[in-house]
Chemist: 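The structure under discussion is supplied below as structure tokens; questions concerning it will follow.
Every chain is numbered from 1 and lettered A, B, ... according to where its sequence line falls, protein lines coming before strand lines.
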Amino acid sequence: MAQAIAIVNANEFYVSCERVFDPGLLGRPVVVLSNNDGCIISRSREARALNLTMGAPLFKVQDIVEANDVAVFSSNYQLYGDLSLRLVEAFYEFTPDVEVYSIDEAFLGLETHPDQSFRDYGLEIKAKVYQWTGVPCSLGISQTKTLSKVAQRFTKKHAAAQGVLDLTDQADQTSVLEETPVEDVWGVGPAYGKLLAGAGITTARQLRDADRRWVRRRMIVVGARIVEELRGISCLPLERCPQARKSVTCSRSFGVLVEFIEELREAVAVYTTKAAERRRRARLAAGVVRIFVSTNRFSADPQYSNSVTFELAYATDSTEELLAWTRKALERIYRPGYRYKKAGVMLNHLTPADELTTRLFGDERFERSRRLMKAVDEINRKFGRDTVRFDAVRPGGRWETKCLRRSRRYTTCLNEVLRIA
DNA sequence: TCTGGGGTCCTAGGACCC
DNA sequence: TCTGGGGTCCTAGGACCC
């Protein structure tokens with residue numbers, strides 16, 4: 001029995017999700033935009049060929065988009081999240097050793113029988129995922145996560161090996177690492193890429209064979225681990241149980257610039273509610289609340305950004321209580337005379353909500369508040385988001401994030417399901 | 001006119017304590 | 001004038017990921 005780690009990565013995931021429900025998009029250039037319809041965050045192969053780069057602001061590439069009839073979508077996270085769950089279900093058909101790494105990829109612990117190659121096994125996984133979801137993916141297989149990533153990116157980039165590359169053999173590793181630019185290694189970003197280039201290290205193979213102490217000194221333990229992993233020594237084990245979140249943020253850019261505190265208040269209240277709902281779903285209470293506001297950093301307007309953090313005497317998961325805190329926080333940092341572009345709410349020091357200590361004062365009121373939240377959550381679950389809400393929470397303001405080209409929520413919203421005429 | 005959002009980990013350095 | 005050593009805790013900031 002042979003063992004290895006595989007990374008399965010959905011190709012152009014958001015674009016692929018859009019294509020699942022609209023096959024007319026196949027073969028066409030397609031892009032998906034970030035929140036507020038700002039930047040390109042997913043591109044089809046055809047869009048890439050038009051030089052539409054990752055992260056490009058839409059307004060800067062509008063000419064290319066129009067000249068080539070590029071299909072443009074706002075991001076539809078309900079749809080992508082739902083398809084992501086279906087991908088994971090497919091993975092579990094093959095192994096219980098699944099680490100969901102992000103919305104579009106997972107590490108799998110693989111075991112094969114002597115008469116089965118990793119590559120054949122990988123092809124089976126790829127086929128099953130496609131059959132179940134309609135989403136194409138690529139796989140890399142090797143001894144460590146970092147090597148598997150190298151393999152997966154290599155097969156994707158060179159459209160080689162039908163999207164499944166087994167890189168468990170050492171001689172193969174050396175030749176692929178040699179052809180891999182060092183910035184393509186998982187964990188090497190722009191800053192480290194530059195540092196390494198300065199030292200004459202431009203390929204993944206050179207990094208693998210670099211002096212350990214030098215790397216440890218200049219790229220801290222993170223870099224040292226990368227080198228070990230490239231040498232086939234696993235430092236990043238598969239994590240089957242996801243670690244509990246340490247923080248949760250809800251922040252958005254505004255659709256229009258906001259000057260007055262009344263509108264900021266509405267936005268902050270909406271973000272607070274979202275963050276609190278997410279925490280209650282995960283049964284976690286927050287001990288620290290932080291809010292921030294900022295102007296548009298790209299504009300020539302006077303700039304201001306600030307944040308404030310409150311440590312709560314008692315952790316809470318009640319929207320009611322959190323709203324009071326974030327409202328107070330906003331008063332503290334709001335300065336008139338600026339045009340605000342963005343605000344956000346962050347919850348920290350998350351602790352299990354069932355283990356909250358009894359409060360010395362006001363515990364009864366807190367319990368009442370929690371019962372209220374429970375009822376609110378149930379109603380909203382049954383009848384849809386914001387069926388009941390606090391008065392401070394007013395969605396639909398001018399400030400709301402733009403989302404003009406969202407496809408239908410085919411899988412999560414009953415009145416948006418696909419119709420067949 | 002229009003430029004995303006949500007995370008993690010690691011370290012240096014300051015504050016503070018004995 | 002001379003001015004220790006070691007520990008902990010916290011935060012800000014850098015780097016990376018998707």
Side-chain angles (χ1 to χ4, degrees), chain A residues 7-14 31-42 52-63 65 72-77 80-81 84 99-107 145-146 149 152-153 182-196 216-226 235-236 239 242-257 271 274-275 278-279 282 288 290 292 294-301 307-309 311 339 341-350 400-406:
Chain A
I7 176 87
V8 193
N9 192 296
N11 299 342
E12 300 98 37
F13 184 54
Y14 299 166
V31 297
V32 175
L33 303 177
S34 62
N35 271 324
N36 219 21
D37 292 347
C39 305
I40 294 176
I41 54 168
S42 182
L52 293 171
T53 50
M54 200 67 172
L58 179 65
F59 75 91
K60 284 193 179 172
V61 294
Q62 197 67 52
D63 292 353
V65 166
V72 179
F73 292 91
S74 302
S75 35
N76 185 345
Y77 287 106
Y80 311 150
S84 178
E99 176 187 339
V100 176
Y101 179 67
S102 74
I103 194 166
D104 68 346
E105 61 190 324
F107 290 102
K145 286 181 171 177
T146 306
K149 273 275 192 184
Q152 182 268 319
R153 287 181 180 174
V182 77
E183 320 85 73
D184 284 5
V185 174
W186 192 41
V188 177
Y192 285 152
K194 208 169 153 195
L195 172 76
L196 290 168
R216 171 65 184 82
R217 203 167 59 240
R218 305 300 300 274
M219 295 169 67
I220 58 178
V221 297
V222 178
R225 277 201 290 252
I226 295 171
C235 303
L236 305 166
E239 294 185 33
Q243 304 262 339
R245 279 242 184 295
K246 295 186 172 153
S247 72
V248 59
T249 308
C250 182
S251 75
R252 295 280 182 280
S253 294
F254 303 134
V256 297
L257 294 171
Y271 304 161
K274 280 197 172 128
R278 271 192 254 162
R279 283 316 79 199
V288 169
R290 176 189 182 86
F292 55 90
S294 66
T295 48
N296 183 0
R297 66 196 160 102
F298 296 103
S299 100
D301 284 352
S307 69
V308 59
T309 306
E311 278 181 51
R339 284 144 47 92
K341 177 66 178 169
K342 185 173 178 176
V345 173
M346 200 183 285
L347 304 180
N348 274 303
H349 284 210
L350 304 175
E400 268 203 350
T401 296
K402 273 185 293 189
C403 188
L404 300 174
R405 314 162 192 249
R406 199 186 57 213

Chemist: Under 4.0 Å from a heavy atom of chain A: give me the 5'-most and 3'-most nucleotides of DNA chain C that qualify.
Modeler: C/dA15 to C/dC18
Chemist: Nearest-nucleotide wise, let me know which of A/Cys250 and A/Gln243 is further upstream toward the 5' end of DNA chain B.
Modeler: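 In this pair, the answer is A/Cys250.
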Chemist: What is the nucleic acid contact for A/Ser102, judged by heavy atoms within less than 4.0 Å: base, sugar-phosphate only, or nothing?
Modeler: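 A/Ser102: backbone/sugar contact only, no base atoms under 4.0 Å.
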Chemist: How is A/Thr401 classified with respect to the nucleic acid when contacts are heavy atoms under 4.0 Å: base, sugar-phosphate, or nothing?
Modeler: nothing
Chemist: Could you pick out which residue, A/Lys402 or A/Arg278, lies toward the 5' side of DNA chain B when each is mapped onto its nearest nucleotide?
Modeler: A/Lys402
Chemist: Please give the stem ranges for DNA chain B, sorted by first residue number, where a stem is three or more consecutive Watson-Crick or G-U pairs and both donor-acceptor distances are under 3.5 Å.
Modeler: B:5-18 with C:5-18
Chemist: Under 4.0 Å between any heavy atoms, over every strand shown, what does A/Asp37 touch: base, sugar-phosphate, or nothing? Just pick one.
Modeler: nothing
Chemist: Tell me what A/Glu105 touches on the nucleic acid: a base, only sugar-phosphate, or nothing, going by heavy atoms under 4.0 Å.
Modeler: sugar-phosphate
Chemist: Test of understanding: with side-chain hydrogen bond (donor to acceptor under 3.5 Å, both in side chains), list the residues that count as partners of A/Thr295, not counting sequence neighbours.
Modeler: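 By the side-chain hydrogen bond (donor to acceptor under 3.5 Å, both in side chains) rule, A/Thr295 matches A/Gln303.
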Chemist: Does any N or O in the side chain of A/Thr401 come within less than 3.5 Å of the main-chain N or O of A/Asn36, such that one atom is a donor and the other an acceptor?
Modeler: no
Chemist: Looking across every strand, which nucleic acid part, if any, lies under 4.0 Å from A/Lys149 by heavy atom: base, sugar-phosphate, or nothing?
Modeler: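 Counting heavy atoms under 4.0 Å across all strands, the contact made by A/Lys149 is with sugar-phosphate only.
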Chemist: Say you pick atom C1' in C/dG4 and the same atom in B/dC16; how far apart are they, in whole Å?
Modeler: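 Approximately 16 Å lies between the C1' atom of C/dG4 and that of B/dC16.
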Chemist: Going by the rule ring pair (Phe, Tyr, Trp, His ring centres under 6.0 Å), which residues pair with A/Phe73 if we only count those two or more places apart in sequence or in a different chain?
Modeler: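 Here no residue qualifies.
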Chemist: How is A/Arg217 classified with respect to the nucleic acid when contacts are heavy atoms under 4.0 Å: base, sugar-phosphate, or nothing?
Modeler: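 Since no nucleic acid heavy atom lies under 4.0 Å of A/Arg217, the category is nothing.
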Chemist: Under the rule for salt bridge (Lys or Arg N to Asp or Glu O under 4.0 Å), what residues qualify as partners of A/Glu105, not counting sequence neighbours?
Modeler: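 Checked A/Glu105 against salt bridge (Lys or Arg N to Asp or Glu O under 4.0 Å); matches are A/Lys149.
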Chemist: Quick one: list whatever passes side-chain hydrogen bond (donor to acceptor under 3.5 Å, both in side chains) with A/Thr146, sequence neighbours left out.
Modeler: A/Glu229
Chemist: Touch check for A/Arg218, heavy atoms < 4.0 angstrom, all strands: base, sugar-phosphate only, or nothing?
Modeler: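 Nothing: the residue A/Arg218, judged by heavy atoms under 4.0 Å, touches no strand.
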Chemist: Go through the structure and list residues passing salt bridge (Lys or Arg N to Asp or Glu O under 4.0 Å) with A/Arg339, not counting sequence neighbours.
Modeler: A/Asp301
Chemist: Can the ring centroids of A/Phe107 and A/Trp186 be said to lie less than 6.0 angstrom from one another?
Modeler: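 Under 6.0 Å, so yes.
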Chemist: Could you pull out all residues at least two apart from A/Gln62 that satisfy side-chain contact (heavy atoms from CB on, under 4.5 Å)?
Modeler: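 Once residues adjacent in sequence are excluded, the partners of A/Gln62 under the side-chain contact (heavy atoms from CB on, under 4.5 Å) criterion are A/Leu58, A/Val65, A/Glu66.
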Chemist: Holding to ring pair (Phe, Tyr, Trp, His ring centres under 6.0 Å), I want the full list of residues that pass it with A/Tyr14, two or more places apart in sequence or in another chain.
Modeler: A/Tyr77, A/Tyr80
